[in-house]
Amino acid sequence: MRRFEYARPRTPQEAVDLVAGSDDAAFLAGGSNLVDHLKVGIASPGVLVDVGGLGLDRVEETDGGLRIGAGVRNSDLAAHPVVRSRYAVLARSLLAGASAQIRHQATTAGNLLQRTRCVYFYDATTPCNKREPGTGCSAVDGYQRYNAILGASAACVTVHPSDLAVGLAVLDATVEVLGPDGARTLPLADLHRLPGDSPEQDTTLAHGELITAVTVPRLPEGAVSTYYKARDRASYAFALVSVAAVVAGDEVRVAWGGVAHRPWRATVLEEALRGGPLDEETVRAACLEELAPATTGPGTAFKLEMVTGATAMVLTDLAGRAR
Amino acid sequence: MPRISLTVDGSPVSGDVDVRATLLDALRERFDVTTPKKGCDHGQCGACTVLLDGRRHLTCLSLAVAHDGAEVVTAAGLGEGDELHPVAQAFLDHDGLQCGYCTPGQVCSAVGMLAEADGTPSHATDDLEAETELTDEEIRERMSGNLCRCGAYPGILAAIKEVAR
Ligand SMILES: Cc1cc2nc3c(=O)[nH]c(=O)nc-3n(C[C@H](O)[C@H](O)[C@H](O)COP(=O)(O)OP(=O)(O)OC[C@H]3O[C@@H](n4cnc5c(N)ncnc54)[C@H](O)[C@@H]3O)c2cc1C
Ligand code: SF4
Ligand code: FES
Ligand code: FES
């Protein structure tokens, strides 16, 4: 592991200045992803800027909903009384991720910005465009079980591993960012990107931009929501596919995890289901529309039925509860 | 090299550590605290679990420098004097171990789990707002971050159930 300088600034602006001022610097939050990358050699920054002392660790109720500090631990957010009572999909997406120990360590921003778990990305002896642009993608014709079926490119076929990101996608969350040019907000939907020709870029953030908070608008009165995760073990495993959903009156919102390089908001499906009945047959038909552009290989074909069945199960269940 | 101070099992320790050292390596190699074990070194097994500032936490994915001033309690620091902590005693009584390598992590994790159960739902919880009832399913889910290569899970579950009662 390369030796680095360790800095612990006191204000968000100081943290931004430290990272923006050096190509070689990176933010460190809980460290549960970045420290692993330091060990494996995926990341080798010369300066680590610890964001743990910036006071970004509060959950506030606002007029519009919730404002979640970037440094709030995943476990604290899941246990927050308002999250438990009003944002089931948020609590459940958090609780489906990692283990209790890791949720004590993982932060809101760190979770959203965690990098892929693609086995080739982790194995420095294999080609990987995300780790080393231009070397090729070992996963296209390799181990496919965790690969994307939507929005992939010839350059990269991996998926985003975060459960929280999928939960927040269906809540229409907004991300607050502080950068060298000041503060800005962006819809969470615009945070993660599809791989295209530059899979080395996971998100649309520029170097030195610090996530300070995530805001979540209030859900409509009577809304019900949940998160379902299908995985190879009952617990402590990444998603094969996952479904985050909100049903509120005529409105149906669905986001999928485990299918693309970013949380996949199923807008075609949502439009098809708006105002209609949420029975098994209708939901399956809407999934078919959403999945029309999907591409699969022998190792990923199972995801079509898995995500369809999971979505049908989740939506028919929510419809029953919304009544 | 940066200097850090910790409280480990009630005693203060301090010394210079490599800036790259994880909390696990600092504890084991620098401060001779070998209770937390290195299983995978990648956050996947739970063998390195301690109570860090009161909560169960892995030590293999944390940098030591980032935890200057922290209070660490390992499985060896849980009991009172010569008396084993009830969770550790229950592991003995129920054969919650074979080789014992995962045990310090299991015991710390179980103690942390029991302390946080009230007010924290889990993936296995049906009603997110209800009081936690530590059913077998709940205990398994809440302990899923601790693997046991020997498969002593039935004994581990029985031990934790006894203390949870
Ligand atoms: C064994 C294991 C199993 C796991 N299983 C799951 C799972 O099932 N589901 C799941 O969702 N996750 C899972 N995870 C991943 C875990 O959720 C992430 O490691 C964690 O959320 C990262 O948060 P952190 O605060 O530790 O981030 P760090 O590791 O500190 O940082 C991650 C990245 O975010 C950047 N960063 C951090 N904070 C900011 C900020 N405020 N602004 C800008 N950049 C920032 C860092 O520079 C770094 O690039 C698992 C991890 C492990 C080790
Ligand atoms: S899928 Fe993406 S992360 Fe995996 S090997 Fe290909 S380029 Fe790398
Ligand atoms: S050694 Fe830390 S989780 Fe395995
Ligand atoms: S007792 Fe051997 S690994 Fe658990």
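Lettering of chains follows the sequences in order, A, B, ..., and the numbering in each one begins at 1. Values reported hereafter were calculated over all heavy atoms of this structure, with side chains retained and with hydrogens, waters and symmetry mates removed.
- Residue with the most contacts toward chain A among B:Met143, B:Arg20, B:Gln44: B:Arg20 (heavy-atom pairs, distance under 4.5 Å).
- Using a 4.5 Å heavy-atom cutoff, the side chains of B:Leu58 and A:His104 are not in contact.
- Annotation: maximal heavy-atom pairing with chain A below 4.5 Å, among B:Thr120, B:Leu63, B:Leu52, occurs at B:Leu63.
- For the pair B:His123 and A:Arg92, the minimum side-chain heavy-atom distance is 4.5 Å or more.
- Of the atoms belonging to A:Ala78, it is backbone heavy atoms, and not side-chain ones, that fall under 4.5 Å from chain B.
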Inset, instruction - Start with the C-alpha gap between B:Leu61 and A:Asn33, add the side-chain angles, then the distance that decides, and say whether side-chain contact (heavy atoms from CB on, under 4.5 Å) holds. - result: CA-CA 8 Å; B:Leu61 293 182; A:Asn33 197 224; over 6 Å; no
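- Panel note: side chain B:Arg56, backbone A:Gln101; no donor-acceptor pair is recorded below 3.5 Å.
- Only the backbone of B:Ser122 comes within less than 4.5 Å of a heavy atom of chain A; no side-chain atom from C-beta onward does.
- Nearest heavy-atom pair across A:Ala79 and B:Gly119 is CB-O, 3.5 Å.
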Inset, instruction - Would you check, one step at a time, whether the test side-chain contact (heavy atoms from CB on, under 4.5 Å) holds for B:His42 with A:Val40? - result: CA-CA 9 Å; B:His42 293 287; A:Val40 186; 3.9 Å; yes
Legend entry - Worked verdict on A:Gln105 versus B:Ser62 for side-chain contact (heavy atoms from CB on, under 4.5 Å): CA-CA 9 Å; A:Gln105 180 172 359; B:Ser62 306; 3.5 Å; yes
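- Contact record, B:Glu141 with A:Leu95: OE2-O, 4.1 Å, taken as the closest heavy-atom pair.
- The number of heavy atoms from other shown groups lying within 6.0 Å of CZ (A:Arg2) is above 12.
- Taking a cutoff of 4.0 Å between a charged side-chain nitrogen and a carboxylate oxygen, A:Arg84 and B:Asp127 do not qualify as a salt bridge.
- Contact of A:Val83 with chain B is not made at all, since no heavy-atom distance falls under 4.5 Å.
- Residue A:Leu34 does not touch chain B at all, counting heavy-atom pairs closer than 4.5 Å.
- By the 6.0 Å contact criterion, CZ on B:Arg149 is open, its count of non-hydrogen atoms from other residues, nucleotides or ligands being 12 or less.
- The candidate with the highest count of non-hydrogen atom pairs below 4.5 Å against chain B, out of A:Met1, A:Arg3, A:Arg8, is A:Arg3.
- Only the side chain of B:Thr22 comes within less than 4.5 Å of a heavy atom in chain A; its backbone stays farther off.
- For chain B, no part of A:Arg233 is nearby; none of its heavy atoms comes within less than 4.5 Å.
- Both the backbone and the side chain of B:Asp41 come within less than 4.5 Å of a heavy atom in chain A.
- Other residues, nucleotides and ligands contribute over 12 non-hydrogen atoms within 6.0 Å of the CD atom of A:Glu60.
- Between B:Cys60 and A:Lys39 the shortest side-chain heavy-atom distance falls below 4.5 Å.
- Residue B:Glu129 places its CD atom among more than 12 non-hydrogen atoms of other residues, nucleotides or ligands, all under 6.0 Å distant.
- For chain B, the option among A:Leu48, A:Asp36, A:Asp50, A:Leu94 with the highest count of heavy-atom pairs below 4.5 Å is A:Asp36.
- With a 4.5 angstrom heavy-atom cutoff, B:Ala21 does not touch chain A via any of its atoms.
- Taken to the nearest 0.5 Å, the OG atom of A:Ser235 stands 10.5 Å off from the CD atom of B:Glu137.
- Top candidate by heavy-atom pairs under 4.5 Å with chain B, chosen from A:Gly52, A:Pro81, A:Ser85, is A:Ser85.
- Between the B:Glu116 side chain and the A:Ala100 main chain, no donor and acceptor come within less than 3.5 Å of each other.
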